[in-house]
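Whatever order the structure lists them in is the order used to number ligands and atoms, beginning at 1.
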Amino acid sequence: MDAKEIIAQLSLVEKAALLSGKNEWETRDIPRLNIQSISFSDGPHGLRRQEGAGDHLGLNASLPATCFPTAATVANSWDEKLGEEIGEALGEEALAQNVDVLLGPGLNMKRSPLCGRNFEYFSEDPILAGKMAASYVRGIQSKHVYSCPKHFAVNSREYRRMAMNAVVDERTLREIYLTAFEIAIKEGGAKTIMSAYNEVNGKYANENEHLLVDILRNEWGFDGLVVTDWGASNDHVAGVKCQSNVEMPNPGLDSAREIIKAATEGEGRITEEEIDRAILPIIEAAIYFKENDHNKGFDKEAHHAIAKKAAVNSAVLLKNDEDILPLKAGTKVCLRGPFVDKPRYQGSGSSQVNSTKVETIAEEIKKYDLVIEDNPEAADVVLFFFGLDEIAESEGADRMSIDVPEYQIKELENLTVFNKHIVGVMSAGSSVKMPWLDNLQALLHGYLTGQAGASALLDIITGKEIPTGKLSESYPFAYTDCSIVNYADTEKRNLQYREGPFIGYRYYDTADVAVQFPFGYGLSYTTFAYSNLTVTDSGVKFKIANTGSRDGSEIAQLYVGKKDTGLIRPKKELKGFKKVWINAGESAEVEIPFDDKTFRYFSTVSNKWEIEAGEYQIYVGANVADIKLSGEISKEGTIAELPYNIDDLPSYKSGKVRNVHYEEFEKLYARPLPEEKVGPLDINDALCQMKDAKSGLCRLVYKILKNNLDKSYEKGIPDLNTMFIYNMPFRAMSKMTAGAVSRDMAESIVTIANGHFFRGLGGVIGGFFKNRRANKKYEAHLNHVE
Ligand code: BGC
């Protein structure tokens, strides 16, 4: 039977049940028609497959898997082949662990350096993020496993991520926040996508017709599965109508009853055709996975080697005064810093992998031709292993600052008293402030290296390997230098993206704000010279010579700008890149083609991608601030009418967007900005909003949560469940409790929070029995025992 024939055999009760999860990680099965569950698992840089009872954020240990470097790390390789290789390995491990859909990669834009999940995301640039994500998707899916890019879309902050409305103008939405997803789907062929927790312009991502229907299905031609983030469904019926296919994880049968009610009562809010349309990709996927052979296993050592290769190719050399690196054989080194014995190599949250093994510097260094010296004063070089603590990089919470912890900087400063030759080796999945940089003679940034990081970094330190990575994000001097600094930390539900397209280098470069390290920056042990640029209609060609004494690779970057423009535009935007290996003394001809994204902009006049007529500046650079070659090309336009008079938007015209006025943003937004809701709590408010609840009991619950959170900060170890609960809305109680709490019961809990204790309690108790009866009846129906 094909998928459509199977659907014809299903009852409405079965169909409604199929649209939400059966447990933490699986969809429902229908044994009588031989439809199996589809199984999901995190994560983006290694499997987190829980054996036995799943519990979302992983109190139950998961099966051992290879921990590859995180996305933020691998993005620094700018190497799509490498992304594909990691993807293939992830796919193999998924197959071996009985997983059909791998929940990754994560490709939200790094709008703020404070986002706690930046380590899981590729870049501040949509082209780089999209190309890397597409490469992972191709690799994963080559193994007959689906990849699920996430979180669609505009989920660039953790704080109140489930109770937040991202307010972003249409052009910025398309060009900055959606383009990476577009690439992952069109070029990577992703068969699954995860809808985000937040609202986008007033509609939850999972029931946002504009995102899910107009753009994803109709424009991009996506015919796969849309899966909600865990607990992200709000109005399930609205989601299904927008062709969101599976509500995860396990809302019990309340969601299924909502579908039946909507299909059968009153005017019929949803039709059976709409239900069938939403079920089709689920059945197709179940059929696709049926033949998967889960007995193949995977080669742990081979995957460890891939993790190492990825870490080697992603590390970025940021400073190397007097060529202190690579260290010569026999150098006397003193090892210092918190990460010598205990590496920081991944972040916390749903992406956390139970690694097959983890290398440490303390052990690995014994394999190198270096002399270990305990006294820093007697050493030739001090190797200082430092970076961000675990609590700074976790799902569910944003960072409080972009500082490296004080205690580490103190240790570094103390070391400078004994030795001036200090090489910093940093672990951090996001940008940090570096007022201490002068204390280091060299800085090698490994990001979060995955399990094989120690030997990867030591290979570079000793010169066995050459550093080839370049930064996939900018490093500002201070958080207050960021374009978003006045808009990002709000307690409000409406999070205005007032900076428009000017995030990351798009801002620093355009507004002439000096940075510590620009986007695309990275040193090598060799040097390169660029020459001979030709610009044709199909792309650019140029020559790169390796002018140093070592073989190595260079990442050349293509940027495009348009000085004479009637549109808001960053000075330069990345449009392509190429990593090329060139032997010492040799040179390579490099070509970077133009594509459909090179000159396009999204017009809110025609509601389509258009090209503005005129001259474009073409830049080829070693990073965004180091342009080596430039040229021009003239393009015919596709539409003359512009969406605004740019002189009405002076901040955006100059790119100086740190203090955009409400009125100016409203002009760009081109519709009235949403008002903040006032009044009593509602089902979509976050639990942390109980702080000011009328009910003393709820204020107490808030205090307990806050207390637990503070304690976890004191300890430096993220308390993932508290972080999740703190930020989740009341609604999620009915979405994540396996049917124990119905939506009516969650509403009654809100009634309690608003000070109507007895009315609310009555509702909770009544709702409990009603829900239990209804669940039993539904189960009986599903099992055909009625
Ligand atoms: C995260 C997702 C993850 C899911 C399942 C959510 O909290 O946002 O990225 O895939 O949990 O663990």
*Do S255 and E247 meet the criterion of a side-chain donor-acceptor pair at a distance under 3.5 Å?*
yes
*Go through ligand 1 atom by atom and flag the ones less than 4.0 Å from a non-hydrogen atom of M194.*
10 (O)
*Heavy-atom contacts with W25 under 4.0 Å: which atoms of ligand 1 show up? List them by number with element.*
5 (C), 12 (O)
*Is a side-chain donor-acceptor pair under 3.5 Å present for H236 with E258?*
no
*For the pair K296 and E92, evaluate salt bridge (Lys or Arg N to Asp or Glu O under 4.0 Å) and give the outcome as yes or no after the intermediate values.*
CA-CA 8 Å; K296 279 194 199 144; E92 274 174 22; over 6 Å; no
*Sort out for me which residue in E187, E80, E182 forms a salt bridge (charged side-chain N to carboxylate O under 4.0 Å, His left out) with K131.*
E187
*With atoms numbered from 1 as shown, which atoms in ligand 1 lie under 4.0 angstrom from a non-hydrogen atom of K150?*
2 (C), 3 (C), 9 (O), 10 (O)
*Counting heavy atoms only, name the option from L102, T228, D229, D42 that's nearest to atom 5 (C) of ligand 1.*
D42
*asked:* Could you check whether any heavy atom of F40 sits closer than 4.0 Å to an atom of ligand 1, since that is the contact criterion I want to use?
replied: no
*Does the ring centre of F289 sit less than 6.0 Å away from the ring centre of H144?*
no
*Numbering the atoms of ligand 1 from 1, which are under 4.0 Å from a heavy atom of L103?*
10 (O)
*In a check of side-chain contact (heavy atoms from CB on, under 4.5 Å) between S314 and each of T73, L448, T70, T449, which one passes?*
T73
*For Y177, ring pair (Phe, Tyr, Trp, His ring centres under 6.0 Å) partners two or more places apart*: Y497
*asked:* Measuring from non-hydrogen atoms of R48 to any atom of ligand 1, is the shortest distance under 4.0 Å?
replied: yes
_With a heavy-atom distance limit of 4.0 Å, tell me whether Q50 approaches ligand 1 through its side chain, its backbone, both, or neither._
neither
*Which of the atoms of ligand 1 are close to W230, meaning less than 4.0 Å from one of its heavy atoms?*
4 (C), 5 (C), 11 (O)
_Could you tell me, atom by atom, which parts of ligand 1 come under 4.0 Å of a heavy atom of E395?_
1 (C), 6 (C), 7 (O), 8 (O)
_F122: which residues meet the ring pair (Phe, Tyr, Trp, His ring centres under 6.0 Å) condition with it, sequence neighbours left out?_
Y136
*Which atoms of ligand 1 are found less than 4.0 Å from any heavy atom of S350?*
1 (C), 2 (C), 3 (C), 9 (O), 12 (O)
*Take every heavy atom of R161, measure it against each atom of ligand 1, and state whether any distance is under 4.0 Å.*
yes
